[in-house]
J.: 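Submitted below is the structure of interest, expressed as structure tokens.
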Amino acid sequence: MTSSEQLWLEIDRFLATLDKTHAGVAKVRSRMAGLRDRRGSSLQRPANAPLCGGLAEALAAIEIDTAAPLARALANAGLHWESYRGYAADTIGPHFPKAHAYASLMAGADPDWACDFDLGFFLITPGTLYRDHHHPAPELYVPLTGPSQWRFGSGNGWAERQAGAIVWNPPNQVHATLVGAVPFLCLYAWTEQVHVPAKVDFSEDWKVIEAAS
Ligand SMILES: [Fe+2]
């Protein structure tokens, strides 16, 4: 088994440790099961280090036992990290583009997004606000580190999520993530509409939050 196949397997095993009745988790596992022939293909893209740095620190911050095999597989997989380019620079802010990276397991295997599914890992450095945004893709996040702060709807209150929590964003639900002292590393999946980019939703409290982060 290649390191890429091992990673795919460990993602599925990790998801199986979560709430099996959760519709989002079930959906992602179902989509993964239908794409088994793609699971070894992500090594088509060259391995690199995320430009934002901090991957080793984030991996070291994974404390939940159920994610230990996944963390090892992730460290061994040699992923291709990149920045999300779907946002206009004047909306996402100057900090976020250099403070995050993601590694898609599908981008190399399915470059034209014919499968309409994305799965991978998302990294955000400490002290970063990922501003409010939405997208038509239903989205599963499972933070592997924590805690992190979340809000769903601009102007709504923040809620803390620990490592191993399930964060499910239905289509077009506005959401934001505030990363504190602990590096943020999570598993993510978009279960459909993956070709439609996300859009930022303005909130007047960004400047205050970012000044304090
Ligand atoms: Fe999102």
Side-chain angles (χ1 to χ4, degrees), residues 7 11 24 28 31 41-42 44-55 57-59 74 77-146 148-152 154 161 167-180 182-203 206 209-210 213:
L7 180 58
I11 290 172
V28 172
R31 296 300 315 273
S41 304
S42 61
Q44 292 171 351
R45 307 178 85 204
N48 63 2
L51 276 178
C52 63
L55 178 58
E57 292 83 353
L59 287 167
L74 171 53
L79 297 179
H80 182 85
W81 295 89
E82 57 194 314
S83 300
Y84 185 69
R85 295 186 177 86
Y87 296 123
D90 59 348
T91 60
I92 197 61
H95 180 66
F96 181 75
K98 60 189 179 191
H100 84 282
Y102 74 97
S104 168
L105 304 191
M106 293 301 296
D110 180 30
D112 58 359
W113 300 110
C115 299
D116 200 19
F117 178 70
D118 197 11
L119 174 73
F121 297 91
F122 185 33
L123 174 68
I124 307 177
T125 59
T128 299
L129 171 66
Y130 183 8
R131 292 177 173 181
D132 308 77
H133 62 281
H134 73 277
H135 36 74
E139 176 180 66
L140 177 72
Y141 277 147
V142 186
L144 304 175
T145 60
S148 50
Q149 307 294 318
W150 298 75
R151 74 175 172 192
F152 305 95
S154 299
R161 293 288 184 271
V167 179
W168 175 249
N169 289 311
N172 295 311
Q173 172 168 270
V174 177
H175 52 286
T177 311
L178 181 58
V179 178
V182 180
F184 176 82
L185 179 61
C186 83
L187 179 66
Y188 79 84
W190 279 14
T191 61
E192 55 191 301
Q193 299 280 332
V194 303
H195 56 289
V196 184
K199 288 185 178 165
V200 175
D201 297 272
F202 176 78
S203 182
W206 288 340
I209 295 168
E210 288 168 351
S213 297

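What's counted below: heavy atoms across the whole structure, side chains too, no hydrogens, waters or symmetry copies. If you're wondering where the values come from, they're calculated on a predicted model, not measured in any experiment. Sequence positions, counted from 1, serve as the residue numbers for this chain.
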J.: Can you confirm whether Phe117 sits close enough to Asp110 that some side-chain heavy atom of one is under 4.5 Å from a side-chain heavy atom of the other?
T.: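 In short, these two side chains do not touch, never coming nearer than 4.5 Å.
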J.: Work out which heavy atom in Gln193 is nearest to a heavy atom in Asp116; give both atom names and the distance.
T.: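 Looks like N-OD1, 2.9 Å.
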J.: Contact between Arg161 and Tyr141 at the side-chain level, heavy atoms closer than 4.5 Å - yes or no?
T.: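 Contact flag for Arg161/Tyr141 side chains = no.
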J.: Could you walk me through whether Trp206 and Leu129 pass the side-chain contact (heavy atoms from CB on, under 4.5 Å) test, one step at a time?
T.: CA-CA 8 Å; Trp206 288 340; Leu129 171 66; 3.7 Å; yes
J.: Return the set of residues passing ring pair (Phe, Tyr, Trp, His ring centres under 6.0 Å) with Trp113 (not counting sequence neighbours), or none when no residue passes.
T.: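 With sequence neighbours excluded, Trp113 shows a ring pair (Phe, Tyr, Trp, His ring centres under 6.0 Å) to no residue whatsoever.
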J.: In Å and rounded to the nearest 0.5 Å, what is the SG to CD1 distance from Cys52 to Ile124?
T.: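 Here the interatomic distance stands at 9.0 Å.
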J.: Is the shortest side-chain heavy-atom distance between Glu57 and Pro126 below 4.5 Å?
T.: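 When only atoms from C-beta onward are counted, Pro126 and Glu57 do not touch, as no gap falls below 4.5 Å.
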J.: What pairs with Glu82 under side chain to side chain donor-acceptor pair (under 3.5 Å), at least two apart in sequence or on another chain?
T.: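 Listed in chain order: Arg45.
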J.: Where is the tightest heavy-atom contact between Thr125 and Gly53, given as atom of each residue plus distance?
T.: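 Nearest pair, atom of Thr125 first, then Gly53: CG2-O, 4.0 Å.
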J.: Below 4.5 Å, heavy atoms only, C-beta onward: do Phe122 and Leu187 meet side chain to side chain?
T.: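 Sidechains of Leu187 and Phe122: no contact.
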J.: What are the two closest non-hydrogen atoms of Leu123 and Ala58, and how far apart are they?
T.: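 Closest approach of Leu123 to Ala58: CD1-CB, 3.5 Å.
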J.: Is Trp81 close to Leu55 at the side-chain level, that is, under 4.5 Å between some pair of heavy atoms?
T.: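 Yes. Closest side-chain heavy atoms under 4.5 Å.
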J.: At what distance, to the nearest 0.5 angstrom, does NZ of Lys199 lie from CG of Asn172?
T.: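 Interatomic distance, Lys199 NZ to Asn172 CG, rounded to 0.5 Å: 9.5 Å.
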J.: How about Cys186 and Val142: do any of their side-chain heavy atoms sit closer than 4.5 Å?
T.: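 They are not in side-chain contact.
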J.: Quick test of your reading: applying salt bridge (Lys or Arg N to Asp or Glu O under 4.0 Å), list the pairs with at least one residue in residues 120-130, sequence neighbours left out, ordered by first then second residue.
T.: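 Every pair satisfying salt bridge (Lys or Arg N to Asp or Glu O under 4.0 Å) with a residue in residues 120-130: there are none.
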J.: Are the side chains of Pro138 and Pro171 in contact, using a 4.5 Å heavy-atom criterion?
T.: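 Counting from C-beta outward, Pro171 and Pro138 do come under 4.5 Å.
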J.: In a table with atom names and distances, give each donor-acceptor pair under 3.5 Å that connects a side chain of residues 93-103 to protein atoms at least two apart or in another chain.
T.:
residue, atom, partner, partner atom, Å
His95, NE2, Thr128, OG1, 3.0
His100, ND1, Phe96, O, 2.8
His100, NE2, Tyr84, N, 2.9

J.: Side chains of Asp201 and His134: do they bring a donor and an acceptor to under 3.5 Å?
T.: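 On atom types as modelled, these side chains qualify, holding a pair under 3.5 Å.
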J.: Just jot down the side chain to side chain donor-acceptor pair (under 3.5 Å) partners of His135, sequence neighbours excluded, or say none.
T.: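 If we apply the side chain to side chain donor-acceptor pair (under 3.5 Å) test to His135, skipping adjacent residues, the hits are Glu139, His175.
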J.: Between Pro143 and Val167, which heavy-atom pair has the shortest distance, and what is it?
T.: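 Closest approach of Pro143 to Val167, heavy atoms only: CD-CG2, 4.4 Å.
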J.: With rounding to the nearest 0.5 angstrom, report the NE2 to CG distance, His80 to Asn48.
T.: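 One finds 5.0 Å between NE2 of His80 and CG of Asn48.
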J.: With sequence neighbours excluded, tell me which residues meet side chain to side chain donor-acceptor pair (under 3.5 Å) with Ser148.
T.: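 Side chain to side chain donor-acceptor pair (under 3.5 Å) check on Ser148 returns Trp150.
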J.: Side-chain contact test, heavy atoms from C-beta onward, threshold under 4.5 Å: evaluate it for Tyr188 versus Leu119 and give yes or no.
T.: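 In short, these two side chains do not touch, never coming nearer than 4.5 Å.
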J.: Between Arg131 and Thr91, is there a donor-acceptor pair closer than 3.5 Å when you use the side chain of the first and the backbone of the second?
T.: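 Checking the backbone N and O of Thr91 against the side chain of Arg131, a donor-acceptor pair under 3.5 Å is found.
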J.: Nearest 0.5 Å, what's the CG-CG distance between Leu140 and Asp118?
T.: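 If we round to the nearest 0.5 Å, Leu140:CG and Asp118:CG are 12.0 Å apart.
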J.: Provide the closest heavy-atom pair for Leu185 versus Leu59 in the form atom of the first, atom of the second, distance.
T.: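 Looking at all heavy atoms of both residues, the closest pair is CD2-CD2, 3.9 Å.
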J.: Please report the interatomic distance OG(Ser83) to CG(Leu51), rounded to the nearest 0.5 Å.
T.: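 Separation between the atoms: 5.5 Å.
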J.: For a quick test of reading the model, state the closest non-hydrogen atom pair linking Pro111 to Ala109 and the distance between them.
T.: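 Scanning both residues completely, I find the closest heavy atoms to be CD-C, 3.6 Å.
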J.: When you look at Phe184 and Leu144, which way does the side-chain contact (heavy atoms from CB on, under 4.5 Å) test go after all the steps?
T.: CA-CA 8 Å; Phe184 176 82; Leu144 304 175; over 6 Å; no
J.: Which value, rounded to the nearest 0.5 Å, describes the distance between Asp132 atom CG and Thr177 atom OG1?
T.: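 Between atom CG of Asp132 and atom OG1 of Thr177 there are 9.0 Å.
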J.: I'd like to know if Arg31 and Glu192 make a salt bridge, using a cut-off of under 4.0 Å between side-chain N and carboxylate O.
T.: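 Salt bridge absent between Arg31 and Glu192.
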